[in-house]
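The structure appears below as structure tokens.
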There are 2 protein chains.
Amino acid sequence: MNKKATRRQQILQAAIEIFGRSNFDDTSISEIARRAGVAEGTIYQYFKNKQDLFFSIPREKTKTFSAQLDLYLKGVTDAREKIRKFAWYYLHFFRTNPDYARSLMLEMRVSKAFARSGSYKGVKRFMSQALAILKEGQEQGVIRQDLDLYLSRHLLLGALEHVVTRWLLKGEKEDIMLCHEQLSDLILNGVAIHSGNGSARTTGKPIGKNRENGPGRS
Amino acid sequence: MNKKATRRQQILQAAIEIFGRSNFDDTSISEIARRAGVAEGTIYQYFKNKQDLFFSIPREKTKTFSAQLDLYLKGVTDAREKIRKFAWYYLHFFRTNPDYARSLMLEMRVSKAFARSGSYKGVKRFMSQALAILKEGQEQGVIRQDLDLYLSRHLLLGALEHVVTRWLLKGEKEDIMLCHEQLSDLILNGVAIHSGNGSARTTGKPIGKNRENGPGRS
DNA sequence: ATAATAATTGAATGACGTTCAAATTATATA
DNA sequence: TATATAATTTGAACGTCATTCAATTATTAT
């Protein structure tokens, strides 16, 4: 019988909608129950508690994220271009899923309980995808060999998370995609001027002066 | 009369201690009241509500943070070295104040309500300090001129926040200071290999192979 | 000393997550 | 089909906790 699975899905779907409008604390089980068309007690037959229900949301989302990411990376060979595409897709995904972005970035990502939950597996898969790109880049000879790859990943994910987080906190007003190019460039080349040329860009396109793109100040 | 200020401080001090042991949700007003030696109702004479009390914690902490940071940066001239010192102090501060780090990084930093609160002013001051260093670097000619400084700051703060966040989520086990050098280097130079040399490091010290320092995997 | 004002108290209130005994529905048996 | 048994659903009841407020106590002014 997949009767159970259907009912579970029905509750989860309601949870996605109701949690999406607001945050964990301001969302009540009774709202979700009403939306799902079941009694409050029924929810506890399918989920351990409110937090378990909340943390179940990323289960499928992370799967599609990773699968789509793989698809977008297919065909790209240079690891530096993969990093650019990675950044592009990361920003693209959260812009396309702002409700989910809010839950994941502002609530789950900083929760020890989430890190211990089963849903976290999906996040780990994604993180290993990031690591794989960096490693591949070292093998290709385009990523510095002297780097701790885990720390490099901190730089990559930290910059992306920070941009998305600030975007969310400011009400999702600007177009977050505008900063994709320069952000990728920063991750690849850093902020300092290097010995040879003055900007160390690897794409030909010049970038204008400050303040013409990217999420705004603060 | 500073009688009111004293009582307020007494409650705030208790709040720091009790919130520090745990998180916002798992901390009760009655605990804080007991610790402060007042009745629960008294707290509401000095703070609008539980969240207001919680958000009042960074008020002084951010002040000392910024002041100390200024002190540490005094005497350093090269903006690149200032960025290194900035990263060092950032990590140092949160390692020294793990209770506060937990509250600020895992709860306040991702809260829209906090961004709207008065306490946020302190965070903004700190963020403008970061911006000033980058701007100074451009004027010195050591930071790329083609950069959006706000985006560069995202890279800097994002990387640092990410490292500290992962450290907290993993239970503050490793020594977070170990990654300071390479993280600064990554922010300055990026992950890619540059035209001239193979690693583009500006400090003389060589770095060993992977996994000998920095917060661990994931 | 007495009135007026301010500060403190802690029981009462309401909201909400969670539980569980009873009711309902589905499945198996004859 | 009728009946027994198991699975599912229900929603009122419970406990916890932030917040309020009328009563009490302390402080200040006259």
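Given the structure is predicted, the values throughout are model-derived calculations rather than measurements. Proteins come first, then strands; the chains are lettered A, B, ... in the order of their sequence lines, and each starts at number 1.
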(Q) Without decimals, in angstroms, what is the distance between B:Ile43 CD1 and D:dT20 C1'? (A) 14 Å
Q.
For a 4.5 angstrom cut-off between non-hydrogen side-chain atoms, does B:Phe86 reach B:Ser184?
A. no
Q) Within this structure, what is the CG-to-C1' distance between B:Asn49 and D:dT20, rounded to whole angstrom? A) 13 Å
Q) Less than 6.0 Å separating the ring centroids of B:Tyr72 and B:Trp88? A) yes
**Q.** Pairs meeting criterion side-chain hydrogen bond (donor to acceptor under 3.5 Å, both in side chains) with involvement of residues 33-53 of chain B, two or more places apart
**A.** B:Glu17-B:Arg35
**Q.** First of A:Glu40 and B:Glu40 reached from the 5' end of DNA chain C, by closest nucleotide
**A.** B:Glu40
Q.
A quick test of your reading: do over 12 heavy atoms of other residues, nucleotides or ligands sit less than 6.0 Å from NZ of A:Lys112?
A. yes
Give every pair of a protein N or O atom and an N or O atom of nucleotides 5-9 of chain D that lie under 3.5 Å apart, one pair per line with the distance.
from, atom 1, to, atom 2, distance (Å)
D:dT9, OP1, A:Arg7, NH1, 2.5
D:dT9, OP2, A:Tyr46, OH, 2.7

(Q) Within the 3.5 Å criterion, strictly below it, is a donor on A:Ser28 or A:Ser30 matched to an acceptor on the partner's side chain? (A) yes
Q. Over how many whole Å does the gap from B:Lys50 atom NZ to D:dT19 atom C1' extend?
A. 12 Å
Q.
For a quick check under 3.5 Å, do B:Thr165 and B:Arg109 share a side-chain donor-acceptor pair by atom type?
A. yes
**Q.** Length of the line joining B:Gln51:CD and D:dC17:P, which is rounded to integer Å
**A.** 18 Å
Q) Between A:Phe65 and A:Tyr100, is the gap from one ring center to the other below 6.0 Å? A) no
Q: Let me know the distance between OH of A:Tyr44 and P of C:dG17, rounded to the nearest Å.
A: 6 Å
Q) Nearest 0.5 Å, what's the CD-CG distance between A:Gln129 and A:Leu134? A) 12.5 Å
Q: Could you identify which residues of residues 14-36 of chain B place a heavy atom less than 4.0 Å from some atom of DNA chain D, listed by residue number, or say none?
A: B:Thr27, B:Ser28, B:Ile29
